[in-house]
**Q** 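To start, I am sharing the structure in question, which I have written as structure tokens.
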Amino acid sequence: MDSVYLGIDLGTGGARAGLFDGHGVALAFSAQSVESYYPRPGWVEQDPDEWWRAIVGAVRGVIADAGVRPQEVAGIGYDATSATPVSLDSHGRPLRRAILWADVRSAPIAARASDIDHWARLYNGGGKDDASAEWFPFKAIWLKEHQPEIWEQTALLLDAPDWIGLQLTGELAYNTCSAAIKCYYNSDHGGWPEDFFAKLGGEDILSKVPSKVQPMGSLLGGLSVAAAEELGLVAGTPVGQGGIDAEAGMVGMNVLTPGDMALITGSSNCLLAQSATALHGPGMFGGHKDAVVPGQYTLEASQGSAGSVMQWFLRTSAIDLMEKEASGGPSAFEVLNELSHEIPPGSDGVVVTEYFQGNRSPYTDNRARGTITGLSLHHRREHIYHAIQEANCYGVEHNLRTMKSLGYHPRSLTVCGGATKSPAWLQMHADILGMDVNVTKVQDGPALGSAILGAVAAGRYASLQEAAQAMVHEHYTLSPDPEKHEEYKFWVDRYTEIHPAMRDIQHSIADHMSDLEG
């Protein structure tokens, strides 16, 4: 068999491993779940030891399922959620559970950034938007101020992708993707904004993170003997520098050229694009220099809660369907899709905002919360389900409108992730956005993207662009229904009006709840 490449994707729900040949043909996938913990509202944590058990299980599973020999794996790449700090002691052991990307406990610390005039703030809407409480530095400072005993014992503070790199190779490096997108690293201005961190109260952050910063797909090192033994692979196998899961998805969808755009769907949604020039402006993150392709700028707009709201609905309002599915019945999604397929655009007047964990963009509002409006005694649960599907699409369209207003006009949109499992939902995206929606043959963009990082690190290809051209292949395209697109404009407009109307009320409630929790 030709050489194969392993992609490890650590997402919110767990670890997924994909094995691909040098032409991007998927040989097998394997997944292991990871539990999330919610100690307080707005807090989300995961256990790094559970991450590693899941990674080991997924990798061993995919090797067995593909029927390949360990020595046939020529390169390894990986990705993970970002702004997920891991505190390690001097022996490399976790001191506490990792604070997950969606955690917004550091909102008061992030608020300090709004009063600081610094080039770092260009990444926050050109300095006009509030800083996101999800970002790495604010969580680091939260640890320092609220758990000083942990901070004192922290010898290394790693973002989740770099923790995986350490486990695989024993090598320490900060991936450029996380550094630029979640930690204010900007090579146009000399790299790290040390004085900005100091003004926030994090003057010692850089003493605890890796000093080396390197791009995705560069050679991090060889697979260590210990990791090889646990994973059932060969020591010394080249491991490519990883990055953020969403940006690995860009690689796995071949969205690496200015003018192309990716939508990575999952627990959260990320709308990502590459620009040849540095675009900044309110309602958009970036442009992040060198985050994916050296010399280019990555633009991002995202929804902190997307597929996670669908899961919330199933857990709270469709338990009967989930139980039937667990007993061998049809998928709960299939049942709800069938029940809702004749509901018209606008869900008979029900409109949802999906800000269940706050809003990332365009508002960067950690105190925003989800709403369901327009309910009457006529409505059934499938109306709410359908409205949640629409809300996910409305949020994408809202962000797309913002990016267009700042001068970015995409030529195409390629989608990967959970939404690709439902053709009807994908068609809803096309109808609401008024754009063709492209789907690649391998719909697991992050896993393929990470495998591409491994292929580049192993020397199979000279660059991410060359590798993606060879390993990513188009599958089909959905075009919008012009009549539905026109009808949806009304509902998108109403959706965009809800949060400004509710903002003061939601902020008052959030502040009151915070006071009650101490």
Side-chain angles (χ1 to χ4, degrees), residues 12 36-46 81-85 87 96-116 118 120-121 123-125 127-148 150-151 157 159-160 178 181-184 193 196-202 205 267-268 282-285 300-306 308-309 353-371 395 499-500 502-518:
T12 305
S36 293
Y37 302 89
Y38 303 88
R40 294 186 185 182
W43 293 26
V44 195
E45 300 178 349
Q46 289 185 345
T81 66
S82 185
T84 298
S87 298
R96 67 178 319 280
R97 288 195 298 238
I99 301 176
L100 204 62
W101 62 269
D103 189 297
V104 292
R105 73 184 69 183
S106 61
I109 297 166
R112 300 173 191 169
S114 299
D115 297 324
I116 301 174
H118 195 280
R121 293 269 291 128
Y123 286 165
N124 299 132
K128 295 179 173 63
D129 289 347
D130 291 336
S132 171
E134 293 178 2
W135 285 21
F136 189 96
F138 310 122
K139 290 172 178 171
I141 295 168
W142 185 93
L143 279 171
K144 177 182 178 180
E145 295 181 357
H146 292 268
Q147 295 183 350
I150 297 290
W151 184 256
L157 190 67
D159 201 7
S178 290
I181 292 180
K182 300 296 184 182
C183 207
Y184 292 104
F196 177 69
F197 292 160
K199 290 176 182 178
L200 290 167
I205 289 176
S267 298
S268 61
M284 180 182 74
F285 297 119
E300 177 178 350
S302 55
Q303 298 157 273
S305 303
S308 56
V309 183
T353 60
E354 77 287 7
Y355 310 156
F356 281 48
Q357 282 283 123
N359 175 274
R360 274 193 193 169
S361 53
Y363 299 119
T364 318
D365 188 345
N366 305 304
R367 294 180 291 173
R369 290 296 179 264
T371 62
H499 180 64
M502 292 291 295
R503 182 187 288 114
D504 290 346
I505 296 172
Q506 291 188 342
H507 285 188
S508 177
I509 292 172
D511 292 343
H512 181 70
M513 294 301 296
S514 180
D515 290 342
L516 290 177
E517 292 157 8

**Q** Would D365 and Q506 count as a side chain to side chain contact (heavy atoms under 4.5 Å, CB included) if you check the C-alpha gap in whole Å, the side-chain angles of each, and the deciding distance to 0.1 Å?
**A** CA-CA 10 Å; D365 188 345; Q506 291 188 342; 5.9 Å; no
**Q** Atom CG of N366 and atom CZ of R105: how far apart are they, to the nearest 0.5 Å?
**A**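 Here the rounded value is 13.0 Å.
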**Q** Is E145 close to I109 at the side-chain level, that is, under 4.5 Å between some pair of heavy atoms?
**A** yes
**Q** Please report the shortest heavy-atom distance between T81 and A160, naming the atom on each side.
**A**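 Closest approach of T81 to A160, heavy atoms only: O-CB, 3.3 Å.
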**Q** When you measure from the side chain of K139 to the backbone N and O of L100, does any donor-acceptor pair fall under 3.5 Å?
**A**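 The answer is yes, because a donor-acceptor pair under 3.5 Å joins these two groups.
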**Q** Which label fits F285 and W135: parallel for a plane angle under 30°, tilted from 30 to 60°, or perpendicular past 60°?
**A** tilted
**Q** Could you check whether H499 and N359, counting side-chain N and O atoms only, form a donor-acceptor pair closer than 3.5 Å?
**A** no
**Q** Which heavy atom of R97 sits nearest to which heavy atom of P39, and what is that distance?
**A** NH2-CG, 4.0 Å
**Q** Answer yes or no: is there a side-chain heavy-atom contact under 4.5 Å between I205 and L200?
**A**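 No; the side chains remain at least 4.5 Å from each other.
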**Q** Side chains of D103 and E134, heavy atoms from C-beta outward: is any pair under 4.5 Å?
**A** no
**Q** If only atom types and distance count, is the side chain of S361 paired as donor or acceptor with the main-chain N or O of G283 below 3.5 Å?
**A**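 Not confirmed, S361 side chain does not pair with G283 backbone.
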**Q** Decide whether S87 and R96 meet the rule of one side-chain donor and one side-chain acceptor closer than 3.5 Å.
**A** no
**Q** Measuring only between side-chain heavy atoms, which start at C-beta, is Y355 closer than 4.5 Å to Q303?
**A** no
**Q** Nearest 0.5 angstrom please: F138 CZ to S106 OG, how far?
**A**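 Spacing of CZ (F138) from OG (S106) equals 7.5 Å.
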**Q** State the CZ-OG distance between R367 and S508, to the nearest 0.5 angstrom.
**A** 9.5 Å
**Q** Determine whether S308 and Q357 make a side-chain contact, defined as any pair of heavy atoms from C-beta on separated by less than 4.5 Å.
**A**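 No; the side chains remain at least 4.5 Å from each other.
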**Q** Nearest 0.5 angstrom please: N124 CG to M284 CE, how far?
**A** 11.5 Å
**Q** For T12 and Q46, work out which heavy atoms get closest and say how close.
**A**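 Reported closest heavy-atom pair: O-NE2, 2.7 Å.
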**Q** Do the side chains of T84 and D159 get nearer than 4.5 Å, heavy atoms only?
**A** yes
**Q** For the atom pair CZ (R121) and CG (D130), what is the distance rounded to the nearest 0.5 Å?
**A**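 That separation rounds to 7.0 Å.
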**Q** Yes or no on side chain to side chain donor-acceptor pair (under 3.5 Å) for T353 and T371, after CA distance, side-chain angles and deciding distance?
**A** CA-CA 5 Å; T353 60; T371 62; 2.6 Å; yes
**Q** Could you grab the distance from atom CG of D511 to atom CE of M513, nearest 0.5 Å is fine?
**A** 11.5 Å
**Q** Do I509 and R369 have side chains that get closer than 4.5 Å, going by heavy atoms?
**A**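 The answer is no, as the side chains (C-beta and beyond) never meet within the 4.5 Å cut-off.
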**Q** If you look at every heavy atom in S36 and V44, which pair is closest and at what distance?
**A** CB-CG1, 4.2 Å
**Q** Considering all heavy atoms of both residues, which atom of F136 and which atom of C183 are nearest to each other, and what is their separation?
**A**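 Looking at all heavy atoms of both residues, the shortest contact is CD2-SG, 4.0 Å.
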**Q** Can you say whether the rings of F197 and Y184 are parallel (under 30°), tilted (30 to 60°) or perpendicular (over 60°)?
**A** perpendicular
**Q** Heavy atoms only: give me the nearest A131-A110 pair and the separation to one decimal.
**A** CB-O, 3.7 Å
**Q** Any side-chain heavy atom of W101 within less than 4.5 Å of one from S268?
**A** yes
